[in-house]
Novice: 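Handing you a structure now.
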Amino acid sequence: MAEQGPTRVLLVDDQPLLRMGFRLILEGEDDLCIAGEASDGAEAVRQVRELAPDVVLMDVRMPVLDGIEATRAIAASGSGAKIIILITFDLDEYAFAGLQAGASAFLLKDVAPTELISAVRVVASGDAVVAPRVTQRLLETYVRGAGTAGPGAADLVPARPAARAAKDPLLEDLTPRENEMLGALAEGLSNAEIAHRYFLSEATVKTHVRRILTKLHLRDRVQAVVYAYETGLVVPSNADY
């Protein structure tokens with residue numbers, strides 16, 4: 001088996017200094033490399049097609065084509081690139097719009113170098129449910145329509161079948177075990193935690209997760225979490241919701 005090369009990252013931001021800063025941080029890691037840079041969304045879409053990066057760091061507010069529309073175009077193209085939305089403040093409505101468009105996570109622009117490196121690695125691996133952790137709080141706020149952030153992942157419980165969720169024909173294709181797995185994903189459990197709960201091997205859990213994503217036409221685990229929130233498969237343990 002050929003050795004896998006470093007994770008290729010595309011930097012997309014209309015501020016050259018920010019791109020330079022991210023480049024300096026990421027290029028210091030042996031397992032990461034910069035595939036290219038883009039200064040607007042339209043250029044980003046072209047670069048993804050030509051360079052096939054593994055991860056895209058995508059700014060939201062850019063000329064020509066904004067980051068949300070660029071993310072939507074990249075996701076619709078069938079690209080395997082994972083997209084991390086860059087925002088300027090916590091719980092920005094653009095971050096949730098980015099997740100809806102197909103992004104896998106979001107980061108604040110003033111993110112610490114260690115968190116930036118970790119987020120790129122985690123998103124590239126595809127194993128994370130939510131990266132970084134604050135994404136969970138974003139979902140609580142915008143999907144639920146609450147004015148403040150809701151409970152954390154530990155406070156979530158699988159919902160009884162909601163009326164909206166029951167109407168989604170794609171859910172009918174899931175087996176009972178896959179429905180259990182989807183509920184566990186929505187709670188924020190890792191593969192290891194799911195395996196422990198259901199007395200399965202991690203390899204078996206990965207197989208179930210892959211089948212769930214295929215049947216529901218989802219790009220990754222984070223999209224499964226968004227789907228579960230939007231369809232009502234997950235509700236807070238708080239009965240007021």
Side-chain angles (χ1 to χ4, degrees), residues 1-2 4 7-8 10 45 48-49 52-56 58 68 70-85 96-106 119-131 135-136 138-139 143 153 156 158-234:
M1 180 182 296
Q4 185 175 353
T7 297
R8 292 164 47 80
L10 176 66
V45 174
V48 167
R49 183 172 58 249
D54 301 301
V55 176
V56 180
M58 179 79 74
I68 303 304
T71 296
R72 185 171 289 111
I74 292 169
S77 74
S79 168
K82 303 293 179 60
I83 300 171
I84 300 176
I85 293 290
F96 176 60
L99 294 181
Q100 285 186 310
S104 295
F106 76 93
V120 170
R121 286 173 174 158
V122 163
V123 169
S125 75
D127 288 336
V129 178
V130 174
T135 306
Q136 190 85 34
L138 181 90
L139 288 168
V143 176
L156 302 177
R160 293 186 296 275
R164 182 181 171 191
K167 293 178 181 179
D168 188 343
L170 292 178
L171 287 171
E172 297 175 3
D173 293 334
L174 299 185
T175 66
R177 174 62 86 182
E178 288 166 352
N179 269 296
E180 290 179 333
M181 298 293 105
L182 179 57
L185 286 177
E187 289 181 68
L189 300 184
S190 67
N191 283 347
E193 291 168 332
I194 296 173
H196 178 75
R197 172 182 288 186
Y198 294 104
F199 304 101
L200 300 170
S201 70
E202 285 193 51
T204 298
V205 172
K206 288 182 179 179
T207 297
H208 282 306
V209 171
R210 185 169 59 251
R211 289 175 179 168
I212 290 168
L213 298 181
T214 298
K215 289 182 178 181
L216 299 179
H217 307 303
L218 301 172
R219 287 168 56 84
D220 56 29
R221 295 168 66 103
V222 171
Q223 295 304 304
V225 176
V226 174
Y227 174 89
Y229 273 74
E230 290 187 320
T231 57
L233 290 172
V234 165

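Sequential numbering from 1 along the given sequence is applied to the chain's residues.
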Novice: Output all residues satisfying side chain to side chain contact (heavy atoms under 4.5 Å, CB included) with Ala75, sequence neighbours left out; order by chain, then residue number.
Specialist: Arg219

Novice: Which atom pair, heavy atoms only, marks the closest approach of Val56 to Ala81?
Specialist: CG2-CB, 4.1 Å

Novice: Could you pull out all residues at least two apart from Leu213 that satisfy side chain to side chain contact (heavy atoms under 4.5 Å, CB included)?
Specialist: Val209, Leu218, Ala224

Novice: Going by the rule salt bridge (charged side-chain N to carboxylate O under 4.0 Å, His left out), which residues pair with Arg8 if we only count those two or more places apart in sequence or in a different chain?
Specialist: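 For Arg8, no residue satisfies salt bridge (charged side-chain N to carboxylate O under 4.0 Å, His left out) once neighbours in sequence are set aside.
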
Novice: How close do Val205 and Asn191 get, heavy atom to heavy atom, and via which atoms?
Specialist: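 Distance-wise, the nearest heavy atoms are CG1-OD1, 3.6 Å.
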
Novice: Looking at every heavy atom in both Ala119 and Ile84, which two are closest together, and how far apart are they?
Specialist: O-CD1, 4.0 Å

Novice: Excluding sequence neighbours, so at least two apart, what forms side chain to side chain contact (heavy atoms under 4.5 Å, CB included) with Thr207?
Specialist: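 Scan of Thr207 (side chain to side chain contact (heavy atoms under 4.5 Å, CB included), adjacent residues dropped) gives Arg210, Arg211.
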
Novice: I'd like to know if the side chain of Lys215 and the backbone of Asp173 have a donor-acceptor N/O pair within less than 3.5 Å.
Specialist: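 At least one qualifying donor-acceptor pair exists.
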
Novice: Please identify each residue that fulfils side-chain hydrogen bond (donor to acceptor under 3.5 Å, both in side chains) with Thr214, with sequence neighbours left out.
Specialist: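 Applying side-chain hydrogen bond (donor to acceptor under 3.5 Å, both in side chains) to Thr214 gives none.
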
Novice: Measuring from Glu180:CD to Leu182:CG, what's the distance to the nearest 0.5 Å?
Specialist: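 The CG atom of Leu182 is 11.0 Å from CD of Glu180, to the nearest 0.5 Å.
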
Novice: Could you give the distance from CD1 (Ile212) to CG (Leu170), rounded to the nearest 0.5 Å?
Specialist: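 Nearest 0.5 Å value for the CD1-CG distance: 13.0 Å.
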
Novice: How would you list, by chain and number, every residue that makes a side-chain hydrogen bond (donor to acceptor under 3.5 Å, both in side chains) with Thr204, sequence neighbours excluded?
Specialist: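 Testing Thr204 for side-chain hydrogen bond (donor to acceptor under 3.5 Å, both in side chains), a comparison that skips the adjacent residues, returns Ser201.
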
Novice: If you take all heavy atoms of Ala124 and Val55, which pair is closest and at what distance?
Specialist: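 In terms of heavy atoms, the two residues are closest at CB-CG2, 3.7 Å.
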
Novice: Apply side-chain contact (heavy atoms from CB on, under 4.5 Å) to Leu200 and Arg177, showing your working.
Specialist: CA-CA 11 Å; Leu200 300 170; Arg177 174 62 86 182; 4.3 Å; yes

Novice: Looking only at heavy atoms, what is the nearest atom pair of Gly98 and Thr71, with distance?
Specialist: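 Distance-wise, the nearest heavy atoms are O-CG2, 4.0 Å.
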
Novice: Sequence neighbours left out, what passes side-chain hydrogen bond (donor to acceptor under 3.5 Å, both in side chains) with Arg49? Give chain and number order.
Specialist: none

Novice: Report the C-alpha separation of His208 and Leu185 in whole Å, then their side-chain angles, then the decisive distance to 0.1 Å, and conclude whether the side-chain contact (heavy atoms from CB on, under 4.5 Å) test is met.
Specialist: CA-CA 11 Å; His208 282 306; Leu185 286 177; over 6 Å; no

Novice: Got a second to check how far Asp54's CG is from Arg121's CZ, nearest 0.5 Å?
Specialist: 13.5 Å

Novice: Mind checking salt bridge (charged side-chain N to carboxylate O under 4.0 Å, His left out) for Glu202 and listing every partner two or more places apart, or none if nothing turns up?
Specialist: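 For Glu202 there are no salt bridge (charged side-chain N to carboxylate O under 4.0 Å, His left out) partners, ignoring immediate neighbours.
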
